[in-house]
Each structure stands twice: as structure tokens, then as C-alpha cells.
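Keep in mind that what you see is a predicted model, and the values were worked out from it rather than measured. Both ligands and their constituent atoms are indexed starting at 1 by order of listing.
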Amino acid sequence: MTGNTPELRESYEACETEVRERLPALWTATGLLPAEVRPFMYAIHGWAVRTDRIADEGPSEGRAQRLARWRDDTLTELRTGEGRHPLRRALVDTVHRRDLDPALIEAHLAAVTEDSAAPPAFDTVADQRRFLRGITGIVGELWAPLLEPRGPESARQVAALFDACKMADLFEDLPDDLKAGRCYWPQDDLRDLGLTPGDLLGDGPRAPLDAFVDRQLAHWRTLLAEATPATWAVGEPYRLFLHSLLLGTQLHYDEVTLLRSRVLTEGVPHPTTDGRLTRREPWPGPRPGHVAVIMDGNRRWADAHGVPARHGHHAGARATMRLINSALRLGIRHLSVYAFSTENWNRAQEETTAIFDTLADWITQGTRRLHELGVQVRWCGRRDRVDTSLASALALVESMTHANDTLTLTLCVDYGGRDELAAAARALAAEAVAGTLRADDIGPADLARHLYVPELPDVDLLIRTSGEQRISNFLPWQLGYAELVFDPTPWPDYDLTRLRDAVTAYTTRERRFGAGAFTASPEACTPPPRSPEPAPSPR
Ligand SMILES: CC(C)=CCC/C(C)=C/CC/C(C)=C/CC/C(C)=C/COP(=O)(O)OP(=O)(O)O
Ligand SMILES: [Mg+2]
């Protein structure tokens, strides 16, 4: 439908090429959008990327004039409705065809011109926000009407998401920008900490530099909170795309929280703004071998945001992808998550359907990437009741990833500890009846053979989010000697710092296993044997 003349078609294609080459992460994420809106995105971003290049690249002599000419031509063509340049023709067509607001383009051009004319100088974080809005947020605001916005606030929320994405770029480019004399950071934060922009690249004391980065993270967190409602403020077909942008930005955020002042010299490696997880070296330090998580609080989080429970589950799924990234980053080898219990069938059917759909969508969408990252995914739970689309997504990811060993992710779906133990007892009784096992000989290892995932190791650290302090029928066999951490954070807000803090708490605990002192340590992931197995008796 876009491009009813060969010239126009070529223009849309040129814009897509510009986006694919210059903004590859965004281009990948647009794959999650319905095909019919993608060309409009390419038209807007292709033009915006070219504008940015005219402002930043080429000989500095005459740059201001080239940018002014580009601006004047764009505005004239928007008025006449006739684009004359391959990277403007599709933009003009998109703005007219979809009735977008040309005043936003004019405002964007003014912001780019101002940024290009003089080095950035932001006194406060509010100044920095104005800059972000002009350069990036406004572009999101421009195309927000294409996403079937659900309210007057949605364009602002989409714009905030774009601003939050731009923060990731600022951190990524930080060392290069500083070396080029460009400081995109609030001067008052520097002043408060007794720092100058030059100090940010020096070898001075770490403490104020860490404090400076922590402040920027706090600003970024505020921005992420403003951007989060964008994921439900648009029509259903567009939500996955926004979730993916938000997840990508959250992964950047997590990376900076790990690096702290090291980001000033190293930047953030490899962009992840399309929401894909990226393979990185595990962070050094002690860690538990097997972490199990009760992901509680999606509904309360949704309530707190005034939206239906399903949006909490979508945000919860995003938090699970973030957890997987955090586990990889901290070098955890086994991660088990409680996604649906045998008791959760008692929830309203509307909610169970929303949970299954969410799980199926995220697993399907994440399968290839999890495989590339070396994650082995297993399903632990009853296999006879869940929806077929979820069951086949789980079966597919299991078979595709079975040989991987960087991280073993066990998804507990339709899982209940009592059902599992009862099933194991039935299997042992059948063996006894068949005469292959004497009842008197049954020991823990015999029962363990019949668990859903017999090779699942003992849990070292159990985390439950959202404040409740109970086990809710989760892995009773494997939790026998687990250390427990209860975190008040609702699941959708659980980030890398929460996991890191839980891991730190774990490493300070003294584990005894009923046999005297045994402090958790990196090498101590595997506890001593539970109890001596009874000697095999002659059959
Ligand atoms: C695995 C991926 C990609 C996403 C998971 C994210 C989702 C959708 C999680 C499902 C949300 C959910 C239903 C979590 C329940 C976890 C659970 C079984 C917690 C135990 O608590 P309750 O079932 O509330 O039991 P209590 O009644 O004892 O509180
Ligand atoms: Mg609950």
C-alpha cells in the first residue's frame, strides 16, 4: 500500500536501508510490528537518521548551512506535499497519508540544529530531559498515532520510552563523547559531588564517580517508570514491540548498574535496545549454583498501575527475560522459575488464559535467542493439562536447547510439589508391585528418580518476590536446605540489583546442612550429601 509509484517505493526502501544500517537494534525490533505499519516507521526514522548524520557528519565547514537547507527543504515539502529527496519523499507521504503532526518535525529540526550549533551544556536533569525530548522523544511522539493510542497520555508515554532508549545511547557513547568534549550529563550533579566533566574520564577516586553514575541511574529509573505505561497505552498488535524496546533499555540499565563508574571509561558494550539478551562474560564473584524464584506480584503491580491483571503478567514476562539476563551476567548455572502452579487453576479462566498466552508468546519469541545464548530450557510440571499452544512452545524450546549448558532454565508450569511427590510415590508403588524394588529398600534416591526432572539439583537460594513469606507448594524436595530470601519488590519491577543483593545475602549465610559449619562460597555450590543412602539390600 505504501509506494504507489516506483519513486515512492524506492524512497520507502531507502529509508528502511538507512534504519537497518544505522539503527540495527530498532530495525530488528520493528519485526515485531504488524507489517503494514513498518514502512511508516522506516520513513520517519530513515529521515531522522539522515537528519542526524547531516548534523554530525561530513566536513565541519558548511555543516550548519547543509543542515539549514535540509530543514528548509523538509518543511517546504511537508507544506506542498511533494518530497523531492529519496529520504524525504517517504516521510512527506507518511505524514500526509497518516495525518501526523508536522509541528513535531519542525520542533525536532530545531532541537537538532541547536545541538549541532554548540556543545551540550545541561545545568539540571530537567535540561537534559528537554534535550532528550527534542532529539528522540519527539520522534516517538510523532509516530505514536500509528499505534492506535488508547488515551491522551499515550504519545507522552511513548515519547518517554524513546527518551529512555536514548539514555542507553548516552551511556554507550559516554567515553567517546567525553573525549570529544561533549558532556551530556547534568552539571549540578557534577558540582554536588565536587567533580568537573574532565574528572569523568580521569583516574580519580572511585567513590564520587560511582556516586555520579548512581545519580544518573536514579534519573534513568524515573524515566523508565514514566515509559512503562506505554506498553499498554497502545493497541494490542503494537505492544510486543514496545515491550521489546523497554526490555532492551532495562538490560542496558542493568549493565550500567553493574559497571558503575567503569561505564565512564568502557561504555556499555554491544547495544541491546531491541530487547535481545546478549552473551557477556559472567561478573566475577561468589554465587549460588541453583537459584529458584517464586515470581509473585504481577496482579498487585497491575492493580497499583490501575490496569487489568494481564498487563501485570506481560510485564512479569519481561521481568523473567531480564532475570535470565541477570542470571547469565552473574554466572548462575541453574535457574528455576515458578510460572504456574497446580493451585493457579483456581483463578478465573480469563486470567489463566492470559497467563498461558503470555507464556506461549514469550517462549515462542525468545526460543531462538535463548538457544544462541546457550540456555537449556526444561519444563517441570504436569504435561497433560496446559493449552496445546503453550505445551508445543515448551516442547519445542526443550528439544531445541537440550544440548546447551551455559544456564539451565527450568520453567515450572502446572507444577505442584504435592502432585509431584504423589506421582513419584505412585511410581515407586508400581515398582514394588512389579517386584523390581522392595518397599523396605526405598530411599531418597529412589524417590528422586521419579521426580518430574530427576536431574534438577538441590536449590541453594530461593527468592520470593512481593512480600509474601511462604513456599506455596514449590519444589519441596529440592528446597530441603535452601537459603530463603523474601523481597518486597513486585515481580515486574525485579531487576539485576535485586538478584545481586539476594546473591550477596546468600554468600554471607552459614550453611550447615545439619552437620556443623559450612559457609556458602563459590566452590560450595554443591552441598555435602544429604544423608547416607541405606546400603543396598540383596533382592
Ligand atoms: C516464563 C516467562 C517468560 C514468564 C513468566 C511470567 C509470568 C506470566 C508469570 C506468571 C505469573 C504467575 C501466575 C505467577 C505465579 C507464581 C506462583 C505459582 C506463585 C505462588 O504464589 P500464589 O500462586 O499466588 O500462591 P499463594 O496463594 O500461596 O500466594
Ligand atoms: Mg499470591
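In the candidate list Asp361, Ile324, Leu359, Leu359 is nearest to atom 1 (C) of ligand 1, counting heavy atoms.
Side-chain contact check for Asp458 and Trp477: no donor-acceptor pair (N or O, by modelled atom type) lies under 3.5 Å. Of the N and O atoms on the side chains of Thr342 and Asp419, not one donor lies less than 3.5 Å from an acceptor on the other residue. For the residue pair His313 and Asn298, a side-chain donor N or O sits within less than 3.5 Å of a side-chain acceptor on the partner.
The one candidate from Leu23, Thr30, Leu26 that meets the side chain to side chain contact (heavy atoms under 4.5 Å, CB included) condition with Tyr42 is Thr30.
The side chain of Arg347, and not its backbone, has at least one atom closer than 4.0 Å to an atom of ligand 1 (non-hydrogen atoms only; side chain from C-beta on). Counting heavy atoms closer than 4.0 Å to ligand 1, residue Glu351 contributes nothing at all.
Between Phe340 and Trp345, a ring centre-to-centre spacing shorter than 6.0 Å is recorded. Taking the six-membered ring wherever Trp is involved, the centroid distance between the rings of His314 and Trp232 does not fall below 6.0 Å.
Using a 4.0 angstrom heavy-atom cutoff, Glu468 does not count as in contact with ligand 1.
The protein atom (non-hydrogen) at minimum distance from atom 10 (C) of ligand 1 is Ala339 O, 3.2 Å. With respect to atom 7 (C) of ligand 1, the closest heavy atom belonging to the protein is Asn298 ND2, 3.9 Å. Distance from atom 14 (C) of ligand 1 to its nearest protein heavy atom, with residue and atom name: Met295 O, 3.5 Å. Distance from atom 29 (O) of ligand 1 to its nearest protein heavy atom, with residue and atom name: Arg470 NH2, 2.8 Å. Atom 25 (O) of ligand 1 has its closest protein heavy atom at Ser472 OG, 3.5 Å. Of all protein heavy atoms, the one closest to atom 8 (C) of ligand 1 is His313 O, 3.8 Å. Summary of contacts: the protein heavy atom closest to atom 17 (C) of ligand 1 is Tyr338 CD2, 3.8 Å. In this structure, the protein non-hydrogen atom closest to atom 19 (C) of ligand 1 is Ile294 CG2, 3.5 Å.
Backbone and side-chain nitrogen or oxygen atoms of Arg464 are examined, and one is located within less than 3.5 angstrom of a nitrogen or oxygen of ligand 1. Between Asn344 and ligand 1, at least one N/O pair is under 3.5 Å apart.
Ring pair Tyr338/Tyr415 is perpendicular by interplanar angle, where above 60° counts as perpendicular and below 30° as parallel.
A salt bridge does not link Glu468 with Arg464: none of the charged nitrogens is closer than 4.0 Å to a carboxylate oxygen.
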Item to check | Derivation and outcome, ring pair (Phe, Tyr, Trp, His ring centres under 6.0 Å), residues Tyr452 and Trp379 | outcome: CA-CA 9 Å; Tyr452 293 141; Trp379 175 7; 9.6 Å; no
Next on the checklist: Between Phe162 and Trp143, is the ring pair (Phe, Tyr, Trp, His ring centres under 6.0 Å) condition met? List the steps.
Outcome noted: CA-CA 11 Å; Phe162 264 60; Trp143 57 246; 5.1 Å; yes
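Taking every heavy atom of Ile355 and a limit of under 4.0 angstrom, the matching atoms of ligand 1 come to 13 (C). When each atom of ligand 1 is checked for a heavy atom of Thr320 under 4.0 Å away, the hits are 1 (C), 2 (C), 4 (C), 5 (C), 6 (C).
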